[in-house]
Amino acid sequence: MADVLTADRTIRVMNPATGEWLMEFAPATADAVNAAVAAARSSQTAWAATPVAERVAVLRKFQRSLHEQKDEVAALITDEAGKPRVESLLAEVLVTLDAANFCAREAPRLLALQRVPHANLALKAKRGYLVREPYGVIGIISPWNYPFSIPASETMAALVTGNAVVLKPSELTPLSALRLKALMDEAGLPAGVLQVVVGDSGTGAALVASAIDKLIFTGSVATGKKIAEAAAAKLMPVVLELGGKDPMIVLADADVEIASSAAVWGAFMNAGQTCLSVERCYVQKDIYPVFVERCVEKAKRLKVGHGSDPQSDVGPAISQAQLRAIEAQVQDAASQGARIVTGGHRLPDVGENFYAPTVLVDVHHGMRVMREETFGPVLPIMPFTTDDASVALANDSQFGLSASVWTKDRKRGEALARRIEAGTVMVNDAISCFGVSEAPHGGVKSSGLGRTHGIAGLEEMVRAKYIDSDLLPGMAKVWWYGYGSDFLAQMQGFTDFLFARRTTARLAGGMKAMKAFSRRNRF
């Protein structure tokens, strides 16, 4: 849609590690967004009529092209998002490749006609089927922290089920979305079926207000609530993934070495800019001191640097605004008595957007760092006593996206997992649930509505339609007009025949019901 990107101002895309400007663009206006939606709609009918096997073939070609260009795509993601190249490869490219596999494998099964059984004896002369049809045009607003894998997985699910897509990426990371479209074009996706509108919040608002049929949004709670209000006004369905404040519970019988490594990686991977990050760590008091010691030692070993350097473990914050938000939470915690045992400061010698991996102790739930999403390299660690106390702490949050439990006793861990209010709970791992294409992704409470990924994610892209055929079209139905006292008694008997507890009552009811078939006043 570059030909319709017209506005009064220019936005620049910056490499957050180096400060290099990568791209300039004018945000797409409301007119440009509406034109993109119209173009998508005009292409969608033919795309939906395309056999699912041909749509799957496009995904397979996309998958092959992405694999062949994996290093180039990973480098692009690192340039605009700042993350280490290996994270771009694993959390972005590899996740997308696997999601393509999943969509190609499962979409034909989901879209096949599904027989609906009829248990009610009165309706046995019918045959029913469930068909799943595309919504039409799906709008997707995707974030900057995973600028390729999030929009790619959602776009593929929408496309393979027969929808057209209008994708609005973050203004901080549009290059990945544009590369996604280029790869889809190379794979033979028909022109117009995938539109990318590059812009800012105004562009996103225009997409919400446009004639799309459904919206998939990943972003903040505040923006998600505004979108939900706007969508409700026109009864437009939405899927909202609004982030998390994910707890990690470490029980006394856990392997401290393994769990501490997981906490450090889970908190600092992608510089903590992950909705599934470990943002609250609760450790049973028996192992709390040694656990903190191991986390601090490992955090100090991390190399903070440019993502293009293969030796870098932790990259930059995406922007100065994000860096200030991280600093504000750490400063608030320190002002309330938290101790910074490592980190807690900027790293100007590395670059203006870099922040040292930070471990906090002596924290409590009155601090912002324990209640608000940090989205930065900060690991607050807090002790607990009993299993019940750990669950209470984990659930004391407005968020409910993901959580993890660490223990050598799998049954104990799974029992605790069932008590935690979250869309996903992992036992003895964290974050990697996003890489399980078969598993649904989404949360409860303020973490959002609906699901992406898995069969549940594919189901979000289709409308279910029930089709029912009567096998006796020449017979007037027993339950039609006219009524009367005799018919009422017959239907009372039919109800008894189906549901009475005593066999004698059922038989008597059946005898009454049989008279309905010879009722002469039907019409």
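Since the structure is predicted, the reported quantities are computational estimates derived from the model, not experimental observations. When reading the values below, keep in mind they use all heavy atoms of this one structure, side chains included, and skip hydrogens, waters and symmetry mates.
Applying the 6.0 Å contact sphere to CZ of R105 captures more than 12 heavy atoms from other residues, nucleotides or ligands. Dense packing is recorded around NZ of K303, with more than 12 heavy atoms of other residues, nucleotides or ligands lying under 6.0 Å away. Residue K411 qualifies as open at atom NZ: its count of foreign heavy atoms under 6.0 Å is 12 or below. The neighbour count for K126 NZ, taken as heavy atoms of other residues, nucleotides or ligands under 6.0 Å away, is above 12. Counting non-hydrogen atoms of neighbouring residues, nucleotides and ligands closer than 6.0 angstrom, the CZ atom of F499 reaches no more than 12 such neighbours. For CZ of R501, the number of neighbouring non-hydrogen atoms (other residues, nucleotides, ligands) closer than 6.0 Å is 12 at most.
Listed by first and then second residue, the ring pair (Phe, Tyr, Trp, His ring centres under 6.0 Å) pairs that reach into residues 244-288 are Y282-H365, sequence neighbours excluded.
Looking at T155, its side chain never comes within 3.5 Å of a backbone N or O of A152 through a donor-acceptor pair. Side chain of T358 to main chain of G344: a donor-acceptor pair is present (N/O by atom type, distance under 3.5 Å, no hydrogens or angles). Listed for the Q63 side chain is no donor-acceptor partner under 3.5 Å among the backbone atoms of A100. Not a single donor-acceptor pair under 3.5 Å links the side chain of E171 to the backbone N or O of D200. The closest donor-acceptor contact from the side chain of D286 to the backbone of A252 lies at 3.5 Å or more, if one exists at all. Within the 3.5 Å criterion, the main-chain N or O of Q322 finds no donor-acceptor partner in the side chain of Q320. A donor-acceptor contact shorter than 3.5 Å links the side chain of E92 to the backbone of F148. For the pair K214 (side chain) and V239 (backbone), a donor-acceptor distance under 3.5 Å is absent. When atom types are taken as modelled, the side chain of D246 and the backbone of S402 share a donor-acceptor pair closer than 3.5 angstrom. Without hydrogens or angle criteria, Q284 side chain to F384 main chain gives no donor-acceptor distance under 3.5 Å.
A394 and R280 get closest at one heavy-atom pair: O-NH2, 3.0 Å. Heavy-atom minimum distance, A48 versus G162: CB-O, 3.6 Å. In terms of heavy-atom proximity, S447 sits nearest to G243 at OG-O, 2.7 Å. When all heavy atoms of I287 and L251 are compared, the pair lying nearest together is CD1-O, 3.4 Å. Here the closest heavy-atom approach between residue T173 and residue P143 is recorded as OG1-O, 4.0 Å. Listed here is the closest heavy atom pair of A271 and V314: CA-CG1, 3.9 Å.
Using bins of under 30°, 30° to 60° and over 60° for the plane-to-plane angle, the ring pair W144/F375 lands in the perpendicular bin. Taking the six-membered ring for Trp and thresholds of 30 and 60 degrees, F354 and H306 have nearly parallel ring planes, at less than 30 degrees apart.
The NZ atom of K445 sits 14.0 Å away from atom CG of L242, with the distance rounded to the nearest 0.5 Å. For the atom pair OG1 of T96 and CG of L180, the computed distance is 8.0 Å after rounding to the nearest 0.5 Å. With rounding to the nearest 0.5 angstrom, the OG atom of S308 is 14.5 Å from the NZ atom of K83. Note that the CZ atom of R346 and the CZ atom of R324 stand 7.0 Å from one another [nearest 0.5 Å]. Summarising the geometry, atom CZ belonging to F62 is positioned 5.5 Å from atom CG belonging to L183; distances are rounded to the nearest 0.5 Å. Note: L498 CG to R506 CZ = 7.5 Å, rounded to the nearest 0.5 Å.
Within the 4.5 Å cutoff, the side chain of L159 has no heavy atoms near those of the V58 side chain. Looking at I381 and V363, their side chains never come closer than 4.5 Å, going by heavy atoms from C-beta outward. Residues M184 and L59 meet the side-chain proximity criterion, which asks for heavy atoms closer than 4.5 Å. By the 4.5 Å heavy-atom criterion applied to side chains, V436 and H453 are not counted as neighbours. Side-chain atoms of H118 and D468, non-hydrogen and from C-beta on, do get closer than 4.5 Å to each other. L94 places none of its side-chain heavy atoms less than 4.5 Å from the side chain of L89. Under the 4.5 Å side-chain criterion, counting only non-hydrogen atoms from C-beta, I212 is in contact with M236. A heavy-atom distance below 4.5 Å is found between the side chains of I150 and N145.
Applying side-chain contact (heavy atoms from CB on, under 4.5 Å) to V165 and the options V196, I216, L194, V137 leaves one that passes, L194.
E297 has a carboxylate O that lies under 4.0 Å from a charged side-chain N of R301, or vice versa, which qualifies the two as a salt bridge. Of the charged side-chain nitrogens involved, at least one lies within less than 4.0 Å of a carboxylate oxygen, so that R412 and D387 count as a salt-bridged pair. Note on R451 versus E460: no salt bridge recorded, every NZ/NE/NH1/NH2 to OD/OE distance being 4.0 Å or above. Taking 4.0 Å as the cut-off between side-chain N and carboxylate O, K408 and D253 do not count as a salt-bridged pair. Using a 4.0 Å cut-off between a side-chain N of Lys or Arg and a carboxylate O of Asp or Glu, K245 and E279 qualify as a salt bridge.
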Steps toward side chain to side chain contact (heavy atoms under 4.5 Å, CB included) verdict (E106, L458): CA-CA 9 Å; E106 296 298 332; L458 284 174; 4.0 Å; yes
Stepwise side chain to side chain contact (heavy atoms under 4.5 Å, CB included) check, E154 with T218: CA-CA 11 Å; E154 295 167 356; T218 305; 3.6 Å; yes
Could you walk me through whether M461 and Y135 pass the side chain to side chain contact (heavy atoms under 4.5 Å, CB included) test, one step at a time? CA-CA 7 Å; M461 304 299 179; Y135 275 91; 5.5 Å; no
Give the C-alpha distance, both sets of side-chain angles, the deciding distance and a yes or no for side-chain hydrogen bond (donor to acceptor under 3.5 Å, both in side chains) between N163 and T161. CA-CA 6 Å; N163 298 281; T161 49; 3.1 Å; yes
Evaluate T424 against H441 for side chain to side chain contact (heavy atoms under 4.5 Å, CB included), listing each step before the verdict. CA-CA 7 Å; T424 298; H441 175 65; 5.5 Å; no
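Side chains of Y146 and T274: a donor-acceptor N/O pair is present below 3.5 angstrom, by distance only. Counting only N and O atoms by type, the side chains of E80 and S176 include a donor and acceptor under 3.5 Å apart.
A cation-pi geometry, defined here as NZ or CZ lying under 6.0 Å from the six-membered ring centre and within 45° of its normal, does not hold between K168 and F217.
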